[in-house]
Amino acid sequence: MVEVEKEATKVPRALLVGEPGNDLQELKGLVLTLGMDIVQRLTLNRMEIHPAYGMGTGKAQEINELAHQIDVDCIIFDFNLEPRKQRNWEELTGLSCFDRQEVIIRIFADRAQTREATLQVELAKLQYSLPRLSHMNKGFSRQRGGAFGNKGSGETQLELDQRQVREKIGAIKHELAEVELNRQTQRKQRGKIPTCALVGYTNAGKSSLLNALTGSEAFVENKLFATLDPLTRKMSLNDRAGVLLTDTVGFISNLPHHLIDAFKSTLEEACDADLLLLVLDASDENAQFQYDTVCDVLDEIGASNNPRLVLLNKVDKGDEKGTLTALRHQFPDAICVSAKDETGFLELKDKIYELVYGEIADYVVPATQNVLINELRKAGCIQSEEWLDDGVHITARASGRLLALISPYVKE
């Protein structure tokens, strides 16, 4: 009984394999987040275009021998492993072999809490597994049902499973579409209050910033992808105005397209934001690479034109390696902040107010435009208000959501 218990709690041992020039640091973080034990990391000297393994047969055999020598349970590749190559590797080694896409999907599956996140992860898993069904069970070619000369030979087990997976994908997409309608309704209910979205590489400290800036209690953990569901809270900028601040899912290089498609509704929070607060970990030597990755993902989801403000987070950790100095030179307009000791928060709020609420201007609004005037009051845009015979004389900052409505009333 004791031996069975030990076997059940055994931590999987992994061998990591990467392309030339890849130190596998990012894959290491992903695998550790998944709860695996990394026995060894192997970076290839060169990659050969080979249809069977993606590399030469000799090198594949070397990796196989190494995996058994160090007694690992699985081999994880830091590049995409096509279904056919995955089958070949598993037949060669007799071990579980998969790529970083599957690692990320597994992490997302562990992190999903809400119904929406669970559906999104399930959709990604099904889309990823569909082309791999033919390699999961050699008995899938067996035909079931029907009779020769009567109704035909029937569907193979593989065809049955593929059809069932496609039906599940269709059902989940339908359910996610209903969830997206609810999310759009929530966005409309927010009214004309400006919105800001915290975007950035995973584990850059976005959730900690949300908590510190708004006084909320979002889940925080020093692991990759600790947050999957967007969380929105109101943040006061001054006595008159505030914004809605949203924490979004973290980005990562080579984020699987299955996940980008599945989390489309979640990522749209960034697309709809009036201002993107792009958070960088100022203590990370790879911050510049992470910035480029975030920008690539923003381009991919259609948020490339949204105004953005760079935040250099975790400045409380110091600058022993000169990373912060280099980033400040690279991003001279960035604001240095720390969620731990609230460094730079006043400057940040002033800058958000300036960027979101725009320039101060004078307007003469007809007294009949009560709805517009109330919207300006709710959004905290009005600096002064005077009711005269020719209309309501208002001095206000017009936020992006209200500028189109109030611009016809600019005082000449």
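All figures in this text were calculated on a predicted structure; none of them were measured in a lab.
- With a 4.5 Å cut-off on side-chain heavy atoms, N238 and K349 do not count as touching.
- Applying the ring pair (Phe, Tyr, Trp, His ring centres under 6.0 Å) rule to pairs touching residues 10-37 yields nothing, sequence neighbours excluded.
- Every residue meeting the ring pair (Phe, Tyr, Trp, His ring centres under 6.0 Å) condition with F79, not counting sequence neighbours, appears here in chain and number order: F77.
- The minimum heavy-atom distance between M235 and I352, with the atom names listed, is CE-CD1, 3.7 Å.
- Of the possible polar contacts, none joining the D37 side chain to the A14 backbone as a donor-acceptor pair under 3.5 Å is found.
- T195 is not listed as a side-chain neighbour of T246, based on a closest heavy-atom distance of 4.5 Å or more.
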CA sep, side-chain torsions, deciding dist, call: L209, V279, side chain to side chain contact (heavy atoms under 4.5 Å, CB included): CA-CA 9 Å; L209 275 176; V279 183; 3.9 Å; yes
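- A distance-only check finds no donor-acceptor pair linking the side chain of D73 to the backbone of P12 [under 3.5 Å].
- For R328, the CZ atom counts as loosely surrounded, since its 6.0 Å shell holds 12 or fewer non-hydrogen atoms of other residues, nucleotides or ligands.
- With rounding to the nearest 0.5 angstrom, the SG atom of C196 is 13.0 Å from the CG atom of D247.
- When the side-chain hydrogen bond (donor to acceptor under 3.5 Å, both in side chains) test is applied to D350, no partner is found at least two apart in sequence or on another chain.
- Note that CD of Q288 is 4.5 Å distant from CD of Q330, once rounded to the nearest 0.5 Å.
- Between the side chain of N286 and the backbone N or O of F289 there is no donor-acceptor pair closer than 3.5 Å.
- In this structure, a donor-acceptor pair under 3.5 Å is absent between the side chains of T43 and N22.
- In summary, the side chains of D362 and T395 do present a donor paired with an acceptor at a separation below 3.5 Å, with no hydrogens or angles considered.
- A 4.5 Å side-chain heavy-atom check between L123 and I169 finds at least one atom pair inside the cut-off.
- Using a distance-only test at 3.5 Å, with no hydrogens or angles considered, no donor-acceptor pair links the side chain of N306 to the main chain of L276.
- In summary, D78 and R100 engage in a salt bridge, as defined by a charged side-chain N under 4.0 Å from a carboxylate O.
- In this structure, the side chains of E347 and C336 stay at 4.5 Å or more apart for every pair of heavy atoms.
- The shortest non-hydrogen separation linking A204 to N313 is O-ND2, 3.1 Å.
- Here the side chains of I75 and I63 are in contact, with some heavy-atom distance below 4.5 Å.
- A search for salt bridge (Lys or Arg N to Asp or Glu O under 4.0 Å) contacts involving D299 returns nothing, not counting sequence neighbours.
- You'll find the side chain of L311 reaches within 4.5 Å of the side chain of L348, heavy atoms only.
- A heavy-atom distance below 4.5 Å is found between the side chains of Y357 and V243.
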Using side chain to side chain contact (heavy atoms under 4.5 Å, CB included), reason through L324 and L312 one step at a time and then give a plain yes or no. CA-CA 8 Å; L324 177 58; L312 303 181; 3.9 Å; yes
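- Between V103 and I76, the closest heavy-atom pair is CG2-CG2, 3.7 Å.
- Side-chain contact between L210 and L245 is present, with at least one heavy-atom pair separated by less than 4.5 Å.
- How far CD1 of I172 is from CD of E122: 4.5 Å, rounded to the nearest 0.5 Å.
- Only one option out of I105, V165, L130 pairs with K125 in a side chain to side chain contact (heavy atoms under 4.5 Å, CB included); it is I105.
- Between L92 atom CG and T57 atom OG1 the span is 9.0 Å, to the nearest 0.5 Å.
- No side-chain donor-acceptor contact under 3.5 Å links Q86 to the backbone of L81.
- Screening residues 51-68 for salt bridge (charged side-chain N to carboxylate O under 4.0 Å, His left out), with sequence neighbours left out, gives K59-E62.
- Side-chain atoms of N64 do not come within 3.5 Å of backbone N or O of A60 as any donor-acceptor pair.
- Each ring pair (Phe, Tyr, Trp, His ring centres under 6.0 Å) pair with one or both residues in residues 301-320, not counting sequence neighbours, would appear here, but there are none.
- Residue pairs meeting the ring pair (Phe, Tyr, Trp, His ring centres under 6.0 Å) criterion with at least one partner in residues 45-71, sequence neighbours excluded, are Y53-W89.
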Stepwise, does the side chain to side chain contact (heavy atoms under 4.5 Å, CB included) test hold for V39 with L15? CA-CA 6 Å; V39 180; L15 166 64; over 6 Å; no
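- Judged as a side-chain hydrogen bond (donor to acceptor under 3.5 Å, both in side chains), and not counting sequence neighbours, the contacts of D341 are S338, T343.
- With respect to K314 and D281, a salt bridge is recorded, a charged nitrogen being found less than 4.0 Å from a carboxylate O.
- Other residues, nucleotides and ligands contribute more than 12 heavy atoms inside 6.0 Å of the CG atom of D292.
- A pairwise comparison of heavy atoms in L24 and G18 identifies CD2-CA, 3.5 Å as the closest pair.
- Annotation for A287 and L327: closest pair CB-CD1, 3.8 Å, computed over non-hydrogen atoms.
- Contact between P51 and N88 at its shortest, heavy atoms only, is O-ND2, 4.4 Å.
- E82 pairs by the side-chain hydrogen bond (donor to acceptor under 3.5 Å, both in side chains) definition with K85, not counting sequence neighbours.
- Checking R41 against Q25 by side-chain atom types alone, a donor-acceptor pair falls below 3.5 Å.
- Separation of atoms CE (M55) and CD (E19) is listed at 9.0 Å; rounding is to 0.5 Å.
- Rounding to the nearest 0.5 angstrom, the gap separating the CZ atom in R87 from the SG atom in C97 is 13.0 Å.
- Applying the side-chain hydrogen bond (donor to acceptor under 3.5 Å, both in side chains) rule to E285 yields the partners K321; only residues at least two apart in sequence or on another chain are considered.
- The ring pair (Phe, Tyr, Trp, His ring centres under 6.0 Å) analysis of residues 324-350, with sequence neighbours excluded, yields the pairs Y291-F331.
- Residues satisfying the side-chain contact (heavy atoms from CB on, under 4.5 Å) test with L355, not counting sequence neighbours, are L275, L309, K351.
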Could you walk me through whether Q120 and F108 satisfy the side chain to side chain contact (heavy atoms under 4.5 Å, CB included) test, starting with their C-alpha distance in whole Å, then the side-chain angles of each, then the deciding distance to 0.1 Å, before giving a yes or no? CA-CA 9 Å; Q120 290 167 332; F108 273 49; over 6 Å; no
